[in-house]
Number of protein chains: 2
Amino acid sequence: MKNMIAKIASVALTAGIAQTSFAIPPAPMPTPDEQAIDAATKDMFAWDIIQGLTTEVGPRLAGTEAEARARRWAAFKLPAMGFANVRIEPYKMQTWVRGEETAEVLQPYPQKLIVTALGNSGSTGKAAIQGEVVYFANLQALQAAPVGSVKGKIVFVSHNMKPAQDGSGYGPFGQVRRIGPNIAAKMGATAIIIRSIGTDNHRVPHTGNTNFEKSVTPIPAAALSIPDADNLVRMFATNAPVQIKLILTPKFVGETESGNVIAEVPGNNPKLPPIIIACHLDSWDLGTGAIDDAAGCGIIAAAAKHLRDTGPRLRTIRILWAGAEEVGGFGGKAYAEAHKTEPHGLAMESDFGADRVWRVDFKLPESAKALQTKIADRFAYLGIQTGKAEAGGGTDVEPIIEAQHLSVIDLQQDGTHYFDLHHTADDTLDKIDLKQLQQNVTAWTVVLMNVANYEGDLSLAPKP
Amino acid sequence: MKNMIAKIASVALTAGIAQTSFAIPPAPMPTPDEQAIDAATKDMFAWDIIQGLTTEVGPRLAGTEAEARARRWAAFKLPAMGFANVRIEPYKMQTWVRGEETAEVLQPYPQKLIVTALGNSGSTGKAAIQGEVVYFANLQALQAAPVGSVKGKIVFVSHNMKPAQDGSGYGPFGQVRRIGPNIAAKMGATAIIIRSIGTDNHRVPHTGNTNFEKSVTPIPAAALSIPDADNLVRMFATNAPVQIKLILTPKFVGETESGNVIAEVPGNNPKLPPIIIACHLDSWDLGTGAIDDAAGCGIIAAAAKHLRDTGPRLRTIRILWAGAEEVGGFGGKAYAEAHKTEPHGLAMESDFGADRVWRVDFKLPESAKALQTKIADRFAYLGIQTGKAEAGGGTDVEPIIEAQHLSVIDLQQDGTHYFDLHHTADDTLDKIDLKQLQQNVTAWTVVLMNVANYEGDLSLAPKP
């Protein structure tokens, strides 16, 4: 037989025909890891979750009935995907809801403006606020304004935020929204309008939370769409006094219920603390929360699903679909409080859209160097670089990370286009790119398969 | 001296140095044509007009006070640019204005929808219409629906319009908007919502006129933003009954004044009929009408300005900034009626945004072949091809073209992105690309300089 095969092979070779298929041993069965990665590259679970949340629930503002529907949707969906120990963990919160919102320029060039109230904004009442507008090119200019200069007036603050791949403009420029209203209120302004914290050029203003000190009475605070802000700046360039009329009627509806949804892929070794992976289930009320953050919930659940489908690993993967992230991270805080006595091994979060993972950051003990190298090496094949920053998690896992000094891995997503959509009505399903979403699921699957079987100690010493 | 120059040149040549500058005669004075083209390539007049109209007037719905402000703005601006015989020619029209507009899905997946009323839409009244929605994938499906199938229901019609460089999708797919509501009303529907006639993916619905037959009572008719239409289609895919609630309270306010603004660059030879060049001054009320059609007004006036600044030509160039184009072409009709006894030489219009001219179409007498060739040859240098279609003008000049069998030249603009913005709140100044706008002004200047000095007869025989 050997001779015969050799003879045939020799003939095939001589004839120049590649008759070699029978001479190659059959491919080995793919390992569970290979299977999981292969499935992740073609993943449709993440898309299915994003489509479901955006279509079957839609906008899901924290503390509202819509967010409760999202929890019920999740509590039905996650067991159907094969996850274990699915449960809703409720908590109470003070809930703010949007009202009517209109604005118009009265002078010098009468026309409507498109605005949206910031979370925690005060109300103008139905009767509208009307008055002179004082323009500041940025927050620093407002902060430098003389005492009394905006008293009884409406403040308009612009800024110069530009897109950045790592989303790093949001920290500094986002301060216009986060603290601008409180500063204007303390200076005696009757209301504040800001250039949307965003990078698009559409008539879709960006909402988002603002915060007033307890001693400060909230004033009406709204974001203008970016083309509207541009238009207003052009009006100021004429040096004519600018007057606007503003109606915003948001309100606090009192204490309502919110909640976290938890699901697990149980591990084989109950002595190894679980890996906690998080996203948030609530969204702002203007869009359907596709990139923020149905995408994150889809990505982490899909990766956990691929891991699960290839058989059990050592550590439990715990999925946290947190509530009320947008309005103050109440879900993450509630989770940390409820689970403070359970040890955790490592925390991760996905909450920056659905564009590709381009960088990985770590915060691991020195002893886990080999784990880090293994992930980084595998990521190099996927075009994902290793960053130099220390991983930090995100709003939903920060409280438990802080309480337990947890290890963290951050899969940093490309944020170049994120602030085109963030907190706007435009945050809808059609903005998700399937290929990039699948790359996220693949990267997450790679990390989970490595950390779920990691037997070493992942705990970090408390920071001095 | 000759010898010396020859010697120096020879030495320079030998030394390999290009010492030839003193041997070249001084550049001749640029011709008026060259001056005009050079100025057009750097034009800022068009931008200035678009910025002025969008900032200092803003939205300017036909028949409203805002459109009247636009006329006053124009009547101030055009003489300031040096144009002669500037005048407002008023006429009366029936005026429709937008009211409140909200929509929400009640079943199966409660959430808000973003809608806007179509021009001439009926009103739901403050009390809202609520009811089952019947979905049709396109207008043909609605037309084929059995008698009685939509009686007492709300019709939803989608379509499959895609971008096209020549904008050719708007004719057939736009029928959903133009005649869909009338068809649904005749079938006994209580209201109709359509997928916006557009090609974007933003939460900015596209308005536009619809028309009801005189014998048909207008029903409430609105456009959904494209992401909202997508969402609704996904809900229908679940086969669950879909119910919505719709409030639209537009109304007719009766007869009001609209008007055309006219300005001229007088020619030297009063025996040669003028060239009429048009755009429209009115806009829809959602955006500030930058691409539709402040851009057209900017382009034609800027080109006429460059021609004017180089000295008089033979024929008069008459600029028509027409009123009330969007709502029925009333300005163009009023112009044709008011000027029916005056001869015209040629008509042109700019009303397709501000992206580059990529093609030129002609409708000229056989005797003007040389003129056509001259323009086409010059355009070849600008990368503008000659089309095979017959030029048609546009809504503002069609009535006078038809009445007087006028010659026409169409400078076709690239419409690939036009229907991303058309008739939406997103039609704002920031969407104008200065370089492409300047290319438009250059192309128009080239045509005007050729036709303004054309002494031949431009009249066409009436079509049989």
Side-chain angles (χ1 to χ4, degrees), chain A residues 50-61 64-66 69-70 73 98 100 102 104-105 108-114 116 200-205 225-238 240 283 285-290 420-421 424-432, chain B residues 50-61 64-66 69-70 73 98 100 102 104-105 108-114 116 200-205 225-238 240 283 285-290 420-421 424-432:
Chain A
I50 304 168
Q51 176 168 311
L53 277 171
T54 56
T55 308
E56 298 172 21
V57 183
R60 40 199 186 280
L61 184 66
T64 67
E65 184 275 332
R69 267 190 286 130
W73 187 93
R98 190 175 305 285
E100 196 184 335
T102 63
E104 57 184 294
V105 178
Y109 306 125
Q111 56 191 284
K112 285 190 183 173
L113 296 172
I114 300 184
T116 199
D200 63 294
N201 64 350
H202 297 287
R203 301 290 291 284
V204 287
S225 90
I226 289 167
D228 288 271
D230 286 344
N231 203 354
L232 208 54
V233 170
R234 286 194 296 272
M235 292 186 196
F236 276 100
T238 68
S283 77
D285 54 338
L286 301 174
T288 58
D420 291 351
L421 306 169
T424 72
D426 253 351
D427 181 3
T428 50
L429 179 63
D430 49 283
K431 308 310 184 304
I432 306 284
Chain B
I50 303 168
Q51 175 167 311
L53 277 170
T54 57
T55 308
E56 298 172 20
V57 184
R60 41 200 185 278
L61 185 65
T64 67
E65 185 276 332
R69 265 191 288 130
W73 187 92
R98 189 174 305 284
E100 197 184 336
T102 63
E104 58 185 294
V105 177
Y109 306 123
Q111 57 190 285
K112 285 189 182 172
L113 297 171
I114 299 184
T116 199
D200 64 292
N201 64 350
H202 298 287
R203 299 291 288 287
V204 286
S225 90
I226 289 167
D228 288 270
D230 286 344
N231 202 355
L232 208 54
V233 169
R234 287 194 295 272
M235 292 186 195
F236 277 99
T238 67
S283 77
D285 54 339
L286 301 173
T288 57
D420 292 352
L421 306 170
T424 71
D426 254 351
D427 181 2
T428 49
L429 179 63
D430 49 282
K431 308 310 185 304
I432 306 285

For this session: Among the options B:Ala425, B:Gly58, B:Pro59, pick out the one with the most heavy-atom pairs lying under 4.5 Å from chain A.
Result: B:Ala425
For this session: Check step by step if side chain to side chain contact (heavy atoms under 4.5 Å, CB included) holds for A:Thr288 and B:Asn231.
Result: CA-CA 10 Å; A:Thr288 58; B:Asn231 202 355; 4.2 Å; yes
For this session: State whether the side chain of B:Arg98 and the backbone N or O of B:Thr116 hold a donor-acceptor pair below 3.5 Å, judged by distance alone.
Result: no
Exercise. Can you name the side chain to side chain contact (heavy atoms under 4.5 Å, CB included) partners of A:Asp426, sequence neighbours left out?
Worked result: A:His202, A:Val204, A:Leu421, A:Thr424, A:Lys431, B:His202, B:Arg203
Please flag which part of [X] lies under 4.5 Å from any non-hydrogen atom of chain A: side chain, backbone, both or neither.
{"X": "B:Ile226", "value": "neither"}
{"X": "B:Pro108", "value": "neither"}
{"X": "B:Arg69", "value": "side chain"}

Exercise. Quick one: OG1 on A:Thr102 to CD1 on A:Ile114, what's the gap to the nearest 0.5 Å?
Worked result: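 A:Thr102 OG1 to A:Ile114 CD1: 11.5 Å, rounded to 0.5 Å.
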For this session: Please list, chain by chain and in numerical order, all residues satisfying ring pair (Phe, Tyr, Trp, His ring centres under 6.0 Å) with A:Phe236, sequence neighbours excluded.
Result: A:Tyr135
Problem set entry | chain B interface, residue from A:Val105, A:Asn201, A:Thr428 that has the most non-hydrogen pairs under 4.5 Å | A:Asn201
